[in-house]
There are 2 protein chains.
Amino acid sequence: MKLSPRQEEIIKLVKEGQPITSEALASKLGVTRAALRPDLAVLTMIGALDARPKVGYVYTEKPMNNLLYDYITNIKVKDIMSKPAFVNEETMVYDAIVNLFLTDVGTLFVESDGFLIGAVSRKDFLKIAIGGTDIHKVPVGVIMTRMPNIIFISKEESAYTAAKKIIEHEIDSIPVVEKVLDEEQKDQYKIIGKISKTNITKLFVKMGNGQ
Amino acid sequence: MKLSPRQEEIIKLVKEGQPITSEALASKLGVTRAALRPDLAVLTMIGALDARPKVGYVYTEKPMNNLLYDYITNIKVKDIMSKPAFVNEETMVYDAIVNLFLTDVGTLFVESDGFLIGAVSRKDFLKIAIGGTDIHKVPVGVIMTRMPNIIFISKEESAYTAAKKIIEHEIDSIPVVEKVLDEEQKDQYKIIGKISKTNITKLFVKMGNGQ
């Protein structure tokens, strides 16, 4: 998005003398208030300026932010999540790795009685595979990351929050869960999807495509 | 971004009677052309409407597209690329995997005389590690993807193009290269960075943060 020279000039004037009224801006630019209105509407819309009633315009220092933030946070986890792949904790590491290749994912989630109990990534598998251990004899439960140390997300949260958790916790993939109570009335989580860096990268491409 | 009721109404009228002049729109809405100008400026800016000189306004069917597309395609590979990690093709697979963990990357690039000749990913390593081969005795050159089968990108291209290549070719990481001529005047590529799904996910988070 390119601002017009006049829009750039308005931003400069607001930065210098904020808060500044539209009358003052119009007089500095030698135009009428009516002539300024479209530019002020655009600058407010994109979040470059903030219009404070009875005070005037101030610079928000976050041009594009409003628009992009609204757009990005409106995309929900459920809109972009994909199908997760599962193993049991008793599955041998070798068989789990074969499963990883067959389902073409980077992380397997581990369930017990339909509830999330662990996760194991390509990195975890690679670590054990080079360690000299017989991976036909070690079950996934030995090497997986175990609850409650698993970061998860619900389907109604934003794709932005999912991406933030992925980056903050340095993980490749995050399970999408629904909270349920088990027979003992304890919180458990059912896995209904996953978000990986691939989902976020695909979303970024879609945004650039205008989809 | 939320459009105002009047902006929604304008879009509806344009869809129904396009191309439509601002005079016609003003008369249908019972307001002056001057009063409409800010709304039309905003709608044109965000790409919902296109103003055709001497014809009128048409609906572009891609609201947000212009803005997002411009924003996204303005971010260059060089703005978000990170440091690549290298091995030689003679490096033994075991040592390369150790290198992979120490540099905390998902893909290693293989150079010869300073030029890109191959790439090897966590997936490639995992495949060989479970195959029963002695990974202390197999060099990276045996398992790597070899030029010219490597997808690369230049630092002046957009982050969007990098993300698109990553998705289309189903790779985790793409080397950023500079073309140079070798002694025999043949095209060669020097690696100066890399873009991974992590870089794109970080960029997405930054966009949502308004940075």
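Every value quoted in this text rests on a predicted model; they were computed, and no experiment measured them. So that the names make sense, note that chain A is the first sequence line, chain B the second, and so on, each numbered from 1.
Within a 6.0 Å radius of CZ in B:R52, other residues, nucleotides and ligands contribute 12 heavy atoms or fewer. Residue B:E168 places its CD atom among more than 12 non-hydrogen atoms of other residues, nucleotides or ligands, all under 6.0 Å distant. With a 6.0 Å radius and a threshold of 12 heavy atoms from other residues, nucleotides or ligands, A:E170 has its CD atom at or below the threshold.
Between A:D172 and B:K197 the shortest side-chain heavy-atom distance does not fall below 4.5 Å. Considering only heavy atoms from C-beta on, B:I200 stays 4.5 Å or farther from A:V205 through its side chain.
When A:G106, A:S158, A:A41 are compared by the number of non-hydrogen pairs under 4.5 Å with chain B, A:A41 comes out ahead. Looking only at heavy-atom pairs under 4.5 Å with chain A, the residue among B:K202, B:K164, B:K123 that has the most is B:K123. Between chain B and the residues A:A163, A:A34, A:A159, the largest count of heavy-atom pairs under 4.5 Å involves A:A163.
Heavy-atom distances place no part of A:N199 under 4.5 Å from chain B, backbone and side chain included. Contacts between A:F125 and chain B at a heavy-atom distance below 4.5 Å involve backbone atoms as well as side-chain atoms. Only the side chain of A:Y94 has a heavy atom closer than 4.5 Å to any heavy atom of chain B.
Shortest non-hydrogen contact noted between B:I130 and A:A129 is CG2-CB, 4.5 Å. What you find for B:L126 and A:L100 is that their closest heavy atoms are CD2-CD2, 3.7 Å.
Put simply, NZ on A:K127 and CD1 on B:I97 are 13.0 Å apart, with the number rounded to the nearest 0.5 Å. We find the CD1-CZ distance between A:I75 and B:F204 to be 5.0 Å, quoted to the nearest 0.5 Å. Taken from OG1 in B:T201 to CG in A:L203, the straight-line distance is 10.0 Å, to the nearest 0.5 Å. Rounded to the nearest 0.5 angstrom, B:I167 CD1 and A:T198 OG1 are separated by 6.0 Å.
One finds no salt bridge joining A:D39 and B:R37 here, because no Lys/Arg side-chain nitrogen approaches an Asp/Glu carboxylate oxygen to under 4.0 Å.
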